[in-house]
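Each chain gets a letter, A, B and so on, in the order its sequence line appears, and its residues count up from 1.
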Amino acid sequence: MQVFLIKRTLGFLTTILAISVIVFLVMNVLPGDPSVTILGIDSSEDARAALRAQLGLDDPIWQRYLHWIWGVAQGDFGTSYFFRVPVGELIAERLPLTLSLAAFGTLATVVLGIVLGVIAAANHGRAGDWIIMLLSQLGIAIPAFWLSMLLVLLFAVKLRWLPPGGFPGWDEPVAALRSLILPTTALALVQSAVLARVTRSSALEVMRLDFVRTARATGMTRGRILGRHILPNALVPIVTIVGMQVAAVVTGTIVIENVFYLPGLGRLVFQSISNRDLFTVQALVVLFAAIVVTANFLVDIAYVLIDPRLKGRLS
Amino acid sequence: MTRAINLRIGAGLVLVLTVAALLSLVWTPYDYTVLSVTQKFRPPSADHWLGTDQLGRDVVSLLMAASVNSLAVAFISVGIGGSIGTALGLTASAFGGWVETVIMRVADLGFAFPALLFAIMLAAAFGPSLTNAILAIAFINVPIFTRVARGAANQIWTRDYVLAGRAAGASQFSLTIDHVLPNISATLIVQATIEFAVAILAEAALSYLGLGAQPPMPSWGRMLNEAQTLMYLAPQLAIYPGLCIIAAVLGFGLLGDGLRDISDPRLARARA
């Protein structure tokens, strides 16, 4: 067990490091000269040279990487060309909104996906099953950004129940939460479609097993069988998908924030692309990729906790 | 029985889409590049089946022209990514040992980059363009096909006819080309069909975000981006391109599911 944890943690750290190398390479084999971007086309060659020296752009690429990653390890992501403030500050300002959206999205996805999946499995072959499976087939094909637009059309333009976008800030908690309802719904409806399918098929598989028949024969209620016997045994594939979905929800926030004009990291990354603010994009891409890898790492650990049989095999 | 329905609906949608795309290369109801101030925001009519957009262009013509873009991007990106991934997977399977370990570890790494992140990186470095979007979608297909090809190929290597070929002195390379690749092609085609659906969805999202097709190239995603600012004025413009995307994604998705069930009936029974 300990060996397993140490091995996985080492693999996890190596992956993060490898990601930082890839991102750094892609972002730094640029044709353009960042000093021109920052100072403008009219700047003098002397000023550019001075800035390049200041930013260390004349150093060999491996030295620049080491310099950057050493800073990142200490929480220093460099300085934004465009905003002229530390990138870490820009991220810290926007992180709470993105994390809240991701957390709400994940929570709603898990609840909705598992509930729908279980309902479908419990009604296997009947109308409820068919309707849920049909909807989930549709949900998988719907682009999240288009679903967002439809939600805005209905709930903001037609019914005027909710704001079409924007974020008032956490100082007004009620208004803030209201402005996150549609984005969360858009994220969760699409993602829960996948989860509902997996939950259903996983539950159906377990339902066929002998111990479920035995439980039924002892006269247990359906709810008790579901909660005590079926769900715990159906959990491994469900957790796998949830891990992948945390990643999908987190990257999904990038798209959704841009649909709803929410000032989070997803908006920042697009502003930074149009501003050619490379340090900021670089930091954000690494951050997002790191979140994806972390989600997968946590799922790996979760397997062992869910399925004690794995413990024996791993030690 | 229900599986055959999957296949039929999927094949039908894909057929309609392909015909519309091919037709638009030679004929569309109107020239979608012609702008007309007097004709803008027309409601659906006998002349313009789905009306006209904010620049007076015929919506049906635009949707048809955009379908070419969607299909072409999906075809090229899955083609490139799938070929590279398959080659890597076959190499891993043929050599085994440390080669396999290295290739599969690198493929695992690829899964850490969703297409969106990769496209963002490329756009920041080289500016947003359709080429970068295609590269990003191709990139995410590489590790997928590496895994699928290697998994399927590993099974083929244990077959008697491969052993017989090896006993007859065939090289790993010629065994791979003559025996392994033909025998895993069904699996690869099924995977490619499913990845087509994913690619169409990804292209739409990237173009919507401005990281894919650039004006004036027609694209469903970009049409939705433009429609969003006009949502109070002409909500119908935000509907049609979305329906096209769903039809395309659903079409390839169902077709892929249907094909998989034909190529592996055991799976179909297990999932029923």
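- Closest heavy-atom contact between B:L209 and A:F270: O-CE2, 3.5 Å.
- Only the side chain of B:P114 comes within contact range of chain A, with at least one heavy atom under 4.5 Å from a heavy atom of that chain.
- Proximity to chain B (any heavy atom under 4.5 Å) is restricted, for A:L150, to the side chain, taken from C-beta onward.
- Only the side chain of A:V281 has a heavy atom closer than 4.5 Å to any heavy atom of chain B.
- Nearest heavy atoms, A:W146 versus B:I239: CZ2-O, 3.3 Å.
- Looking at B:A197, neither its backbone nor its side chain comes within 4.5 Å of chain A, counting heavy atoms on both sides.
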Using distance only, find each side-chain donor-acceptor pair of residues 213-222 of chain B under 3.5 Å and give its atom names and separation, not counting sequence neighbours.
unit_1	atom_1	unit_2	atom_2	d
B:Q214	NE2	B:G210	O	3.2
B:Q214	NE2	B:G212	O	2.8
B:S219	OG	B:E203	OE2	3.4
B:S219	OG	B:S207	OG	3.4
B:S219	OG	B:G221	N	3.3
B:S219	OG	B:R222	N	3.4
B:W220	NE1	B:L63	O	3.2
B:R222	NE	B:M217	O	3.2
B:R222	NH1	B:E226	OE2	2.8
B:R222	NH2	B:M217	O	3.3

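- Proximity to chain B (any heavy atom under 4.5 Å) is shown, for A:Q137, by both the backbone and the side chain.
- Once rounded to the nearest 0.5 Å, the distance linking CD1 of A:I254 with CG of B:L116 reads 4.5 Å.
- Residue with the most contacts toward chain B among A:T15, A:I291, A:V255, A:V259: A:V259 (heavy-atom pairs, distance under 4.5 Å).
- Dense packing is recorded around CE of A:M207, with more than 12 heavy atoms of other residues, nucleotides or ligands lying under 6.0 Å away.
- The line from CD1 of A:I273 to CG of B:L211 is 5.0 Å long, rounded to the nearest 0.5 Å.
- Summarising the geometry of A:A289 relative to B:F113, their closest heavy-atom pair is CB-CE2, 4.3 Å, with the distance given to 0.1 Å.
- From A:I140, atom CD1 reaches atom CD1 of B:I246 across 12.0 Å, with rounding to the nearest 0.5 Å.
- Across all their heavy atoms, B:A204 and A:F145 have their closest contact at O-CZ, 3.7 Å.
- Annotation: the span from B:Q228 atom CD to A:L153 atom CG amounts to 9.5 Å, rounded to 0.5 Å.
- Interface residue B:L250: backbone and side-chain heavy atoms are both found under 4.5 Å from chain A.
- The contact between B:F111 and chain A is made entirely by backbone atoms, counting heavy-atom distances below 4.5 Å.
- Both the backbone and the side chain of B:L243 come within contact range of chain A, with heavy atoms under 4.5 Å apart.
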